[in-house]
2 protein chains.
Amino acid sequence: MQITTLQTIANLVHYSRSTVSRVLNDQWNEHGISEATAELVIAKAKELNYIKNEGASSLRAKKTFTIGVIVRDITNPFYTQLVKFVENALYTKGYTVIICNTGYDLEKENGHINVLLRRRVDGIILSPNQKSIDNISLIKDRNVPLAFFDCKIDEIEADYILVDNEAGTSEAVNHLISKGHKKIAYIGGDPFESNNRLRYEGYKKSLSKAALPIREHYVKHSNYTFKHGYEASKELIRLNDAPTAFFAANNRIVLGAYKGIIDCGLHIPEDVSIIGFDDFETAIMLPIRLTVVCQPIEEIALCTVDLLLSRINNTNTQSFVTKILKTELILRQSIKGLA
Amino acid sequence: MQITTLQTIANLVHYSRSTVSRVLNDQWNEHGISEATAELVIAKAKELNYIKNEGASSLRAKKTFTIGVIVRDITNPFYTQLVKFVENALYTKGYTVIICNTGYDLEKENGHINVLLRRRVDGIILSPNQKSIDNISLIKDRNVPLAFFDCKIDEIEADYILVDNEAGTSEAVNHLISKGHKKIAYIGGDPFESNNRLRYEGYKKSLSKAALPIREHYVKHSNYTFKHGYEASKELIRLNDAPTAFFAANNRIVLGAYKGIIDCGLHIPEDVSIIGFDDFETAIMLPIRLTVVCQPIEEIALCTVDLLLSRINNTNTQSFVTKILKTELILRQSIKGLA
DNA sequence: AGATTTTACGCAATCGATTTAGTAAATAAC
DNA sequence: GTTATTTACTAAATCGATTGCGTAAAATCT
C-alpha cells in the first residue's frame, strides 16, 4: 500500500500535479481552476486520506516552520513552564518546536545545535550560558534567527528577553529591610552568570541604600543547585552573627536553604526569614509558603516568540533588542517582621 | 550569500554531486573514489561550512529520524522526567524528538498528531487517554509505528510499556495494614482510566486479603488534580469514622491531600498517615518526606524507546507487546505505626 | 598489441510539493 | 470572420541529497 502523493491523486483524477496542488492549497480560484475540478480533487484526496509531506514542502519553500528551543534543564520547573508556554505560542502560530535539553553539557548543546542547523530550523530560542559562546557562534555564522531568554551574555549581541534581576532582587531585599532585617545573607548561583551578578548588584544596592554593611561572609556564590542552598544555609546558620534573613537566587537554592534551615532545627520564619527568586509549585506546597520574586514566565515566553517571529518574517528591522520585563514580589509566609 | 549545497561544492571542486555526496557520507572507498579527491572535497566542504540539509535527505530516504512524543501535561514532573529520558535516549540513537504538550485538550492532541503525520515522523510515543481513541486511529490508519506508555486503553491493541499498578498499590496498602492501619482511604483519579482502575483493584485486594471491609465512603474517585486531593482529604477528615491513612493515586493528589491535612490542623503522620503513587522532587522537600510508590521512570522511557525503535527497524516482528515494569515502595516519614 | 580488469568517477532519476511560464480551447468583442 | 480575451488547465524546473547504472581512461595481463 503506497502513500498517497499529489501524483497519486493527479493520476486518478486525470489532472496535473499542479492543479491538485493548487486545489489542496486553496488557490484554485486564483488560478482559474473550475469548481467542479476542485471538488473532484478534494473528494479524491479525502478518499485516499492524503496528508501532505511537509518535508517536501519545506524543501521547496526553504522554510520549515520549525523552531528549536534549547534549555539546560527541562526538569527545572522554571524551564518546564517556559518551554510549555513557548511550545503553545508557537503551535498557535503554526510552528513546530524541537525541544532540546542539554543538561548543562556543552557537547550535547553542540550536538543539538548541529541537528537544528541540519534540519534548517527557521529560528532558535536559547537560554544561554557563558560557556556556550562557541556553540552560539555556530548559529550566528549561519544567520539563523536567534533569540535568547533568561540570561544575557555580554559578549554576544543579540535579541534578549530578560527580567529586571537587579530591581527584582532590590525589591526583595528592601522588603526584608522594611521588616527590620539588618543581617541579610545572599545565597547565589554561578558568580560569572549575568543573572546572578545582577541579582547580587540589587542586593548590594539595597543594603547600601539602607546604610547597611555588605558583609562578605554573608555572601555565598557557587551554583544554582539544591546542594549549594542546603550547604550554604547551614554554614550561615552556624555563624556567630548568623543572618536573620536569606535571599536565595533561584528556585533550587531556595529549596536547599529551606531544607537546611529545617534540618538545623530552626523554624521559618520565626528563627530565619527566607525569600527566593522564581516562583514555583513547591513554593506554595511547603507548610510555610515561600515569599518569592516571581518571574513573568508566560510573558517571557510570549515576548520571545514574538520577537523571534518578527525576525523570521523580517517585520522587525531594528537592530538587536533587549527587553527587560518586570518581576513581582509575592508575599507569603516565609518572612517575619523583627521587633 | 547562498547556502552551501552539494552542488556548490561539486562546482568548485569540479566533480559531480554524486562524488561529493559519497565522500561526505564516508562511502568514497566503496565507490572507488581516490583519497586525493576525497580530501579535496572534505576540505572544500569545511571551507564553505557545509551543513547537510536533513530535510532533503529525509525526502529521498523516506525516513526522517524524528519521533513525536505526546504527553498531556509536560509540567507534571512525572511527564517531565519521562520526556527528559526519552529525549536523551533518542538523541543518543540519532533521533530528534518533537515533544507535544496537549494540556488534556483533544483538539490540540488532534492537531499535534496531524502535524506529526505531515512531518512523516518515524514513530510516535504517546501517553494515551480513553478519549483519544479517534485521534489514535489517525496514527494506526497510517501504520506509523506507535508505542504507548503510562496508560493502557483496552480497546486499542498496541505496544504498551506500563508499570504494575495493581501490585504497586497492593504493596503500599499492605504496608499500611502492616503498620496497623485498618481505616484506609483511597483518593483516586479518573475512574475510567486504566491506571486508576488497577490501582483501585490493588487497594481492594489488599483490604480483602486482610479481611478488612471496603467502605465506599473511603473511596474518592474524580481526577488527578491537586484540587481533588485537597477536597477529598478534607471530606475524609470530617467523617465521624475518619480514616487513619490515605492512599493517593498520583503525585498531584498526594500534594493536595497533604495540604488538606495540614490545613485541617492535623499532623502527618501523627494524626493521619499518607502514601502516594509516583515519586517526585517535592515529595522529599516536604518537612515530612512522603512515603511513595515509585515508578521506574527512566526504565519506562528506555523500554519505550527500545520497543519503538525495534518496530521502526523491523527487528521486532512479534505481535503487540505489553511490558509491565515493577514499582518500588520508598519508605520515608509519612506513615506512622499504630499501636 | 589486444583483451581484460581496475580505477575513478558521472548521468539522470528519484523523493513530493510548489511555481513560473506557458498553451489550447472556448467564448466574447468588434 | 477575425481578433481579443477568458477559462482551464499543463509542462517542466526547482528545492538538496541519494543511488543504480553506466563508462571513459588507465593499468595489468597474456
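Numbered from 1 within each chain, the chains take letters A, B, ... in sequence-line order.
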Sugar-phosphate only, base, or nothing, as touched by A/Ser18 at under 4.0 Å among non-hydrogen atoms: base
Among D/dC15, D/dT10, C/dC9, the nucleotide that comes nearest once only the side chain of A/Ser16 is considered: D/dT10
Under 3.5 Å side-chain donor-acceptor pair for A/Asn135 and A/Glu109: yes
Ring-face cation of B/Lys52 near B/Tyr50 (centre distance under 6.0 Å, axis angle within 45°): no
Distance test, side-chain N/O of A/Thr5 to OP1/OP2 of C/dG16, below 4.0 Å: no
Side-chain H-bond candidate by donor/acceptor type, B/Arg118 with A/Ser57, under 3.5 Å: no
Protein-nucleotide distance (A/Arg119, atom CZ; D/dA17, atom C1'), rounded to Å: 15 Å
Distance test, side-chain N/O of A/Asn53 to OP1/OP2 of C/dC15, below 4.0 Å: no
Comparing B/His14 and B/Ala56 on DNA chain C - which has the more 5′ nearest nucleotide: B/His14
Separation of atom CZ in A/Arg17 from atom P in C/dT14, rounded to whole Å: 11 Å
Separation of atom CG in A/Asn25 from atom P in C/dA17, rounded to whole Å: 10 Å
OP1 or OP2 of D/dC15 under 4.0 Å from side-chain N/O of A/Lys63: no
Option from A/Asp105, A/Asp190, A/Asp150 for which salt bridge (Lys or Arg N to Asp or Glu O under 4.0 Å) with A/Arg72 holds: A/Asp150
Nearest-angstrom distance from the residue atom NE2 of A/His31 to P of C/dT23: 18 Å
Residue-phosphate contact under 4.0 Å: A/Thr19 side-chain N/O, D/dT10 OP1/OP2: yes
Side-chain N,O (A/Ser21) to OP1/OP2 (C/dT18) below 4.0 Å: yes
Side-chain N or O of B/Ser34 closer than 4.0 Å to phosphate OP1/OP2 of C/dC9: yes
Rounded interatomic separation in angstrom, taking CG from A/Leu59 and P from C/dT19: 13 Å
Sugar-phosphate, base or nothing in reach of A/Ser57, heavy atoms under 4.0 Å: sugar-phosphate
Minimum heavy-atom distance B/Thr4-A/Arg120, with the two atoms named: O-NH2, 4.4 Å
N or O in side chain of A/Lys62 less than 4.0 angstrom from C/dT18 OP1/OP2: no
Rounded interatomic separation in angstrom, taking CD1 from B/Ile9 and P from D/dG16: 13 Å
Sugar-phosphate, base or nothing in reach of A/Ser58, heavy atoms under 4.0 Å: nothing
Residue B/Arg22, side-chain heavy atoms: nucleotide from D/dT10, D/dG20, C/dC9 that is nearest: D/dG20
Between D/dT14 (P) and A/Leu6 (CG): distance, integer Å: 19 Å
Any B/Tyr15 side-chain N or O less than 4.0 Å from OP1/OP2 of C/dC11: no
Heavy atoms from other residues, nucleotides or ligands near NZ of A/Lys140 exceed 12 (cutoff 6.0 Å): yes
Separation of atom CD in B/Gln27 from atom C1' in D/dT19, rounded to whole Å: 9 Å
